[in-house]
Amino acid sequence: MPARVLFSTPQIEARIRELGREISRDYAKAENLHLICVLKGAFMFLADLVRTLQVPVTLDFMALSSYATGTTSSGEVRLLKDLDTALAGRDVLIVEDIVDTGLTLNYLREILMARGPRSVRTACLLSKPSRRKVDVRVEYIGFTIEDHFVVGYGLDYEGRYRSLPHIAIVDED
Ligand code: IMP
Ligand code: MG
């Protein structure tokens, strides 16, 4: 079903190397950069991004669900798996697959900031600004895209296509 390749594997790799350089530069003096991977969609982005970083990092994983059915998000967010470790005093970098309405990231930033980290920033592979319902801050964006439903490289449509090594647009009819 995924019809058209939007970003090829080499395009994704090149962009992630750039993000890695930028993040490494920005956190050169940080003592504990702590990456938080938002499952499941960001697993591949996290795995590739973390290998480009030139600074020491620690990692943790969190799972959220936005009660989505098909390609529409309901706006309600549920915490499915919490972090294993505390955030107090840490420089936290949220690693997300895609920011669409912004509701998920907005909720996540709020619950993480309440835990007393030193800083919280976000890296997302994809952003669909035309779909925003809340104006949430995203410091590192891989690619800004139009309003398409995309799959691959971790992103799914009803659980499928996460394993594709590229990003493709789902045929909407
Ligand atoms: P939100 O609307 O910004 O809260 O987006 C929440 C979540 O919806 C993202 O983290 C993705 O898991 C999912 N999502 C949004 N747009 C897409 C898409 O184009 N493909 C696959 N998943 C998406
Ligand atoms: Mg997600």
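Just the heavy atoms: all of them, side chains too, but no hydrogens, waters or symmetry mates, feed the values below. Counting starts at 1 for both ligands and their atoms, following the listed order. FYI, the numbering just counts along the sequence from 1.
For Ile98, the heavy-atom gap to ligand 1 drops under 4.0 angstrom. At least one heavy atom of Asp156 sits under 4.0 Å from some atom of ligand 1. Using 4.0 Å as the threshold, Arg132 has no heavy atom nearer than that to any atom of ligand 1. Using a non-hydrogen distance threshold of 4.0 Å, Leu103 registers as a contact of ligand 1. The shortest heavy-atom distance from Gly41 to ligand 1 is not under 4.0 Å.
Taking the charged nitrogens against the carboxylate oxygens, Glu22 and Arg25 have no contact shorter than 4.0 Å, which rules out a salt bridge. With respect to the salt-bridge test (charged N to carboxylate O, under 4.0 angstrom), the residues Glu158 and Arg160 do not qualify.
Around the CD atom of Glu146, the shell of radius 6.0 Å holds no more than 12 heavy atoms that belong to other residues, nucleotides or ligands.
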What's the verdict on side chain to side chain contact (heavy atoms under 4.5 Å, CB included) for Arg137 and Arg109, showing C-alpha distance, side-chain angles and the deciding distance? CA-CA 9 Å; Arg137 202 185 326 164; Arg109 281 179 52 92; 4.2 Å; yes
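Scanning Asp97, Asn106, Leu39, Leu126 for the heavy atom closest to atom 10 (O) of ligand 1 points to Asp97.
Annotation for Ile12 and Pro165: closest pair CD1-O, 4.0 Å, computed over non-hydrogen atoms. Nearest heavy-atom pair across Asp91 and Ala30 is OD2-CB, 3.7 Å.
Aromatic ring pairs are classed by plane angle as parallel below 30°, tilted from 30° to 60° and perpendicular above 60°; the pair Phe143 and Phe7 is parallel.
Less than 4.0 angstrom separates some heavy atom of Thr101 from each of these atoms of ligand 1: 1 (P), 2 (O), 3 (O), 4 (O). Which parts of ligand 1 touch Thr104 is read off a 4.0 Å heavy-atom cut-off, strictly below it: atoms 1 (P), 4 (O), 5 (O), 6 (C). Every atom of ligand 1 is numbered from 1 in the order shown, and the set under 4.0 Å from a heavy atom of Glu96 is 10 (O). Here is the list of ligand 1 atoms found below 4.0 Å of a heavy atom in Lys128: 16 (N), 17 (C), 18 (C), 19 (O).
Contacts with ligand 1 closer than 4.0 Å are made by backbone heavy atoms (N, CA, C, O) of His148 only, the side chain lying farther away.
Residue Leu155 has no nitrogen or oxygen atom sitting less than 3.5 Å from a nitrogen or oxygen atom of ligand 1, judged on distance alone. Considering backbone and side-chain N/O atoms, Phe149 never comes within less than 3.5 Å of an N/O atom of ligand 1.
In summary, the side chains of Thr9 and His166 do not present any donor paired with an acceptor at a separation below 3.5 Å, with no hydrogens or angles considered.
Evaluation of the side-chain hydrogen bond (donor to acceptor under 3.5 Å, both in side chains) rule for Arg115 yields Asp82 as partners, not counting sequence neighbours.
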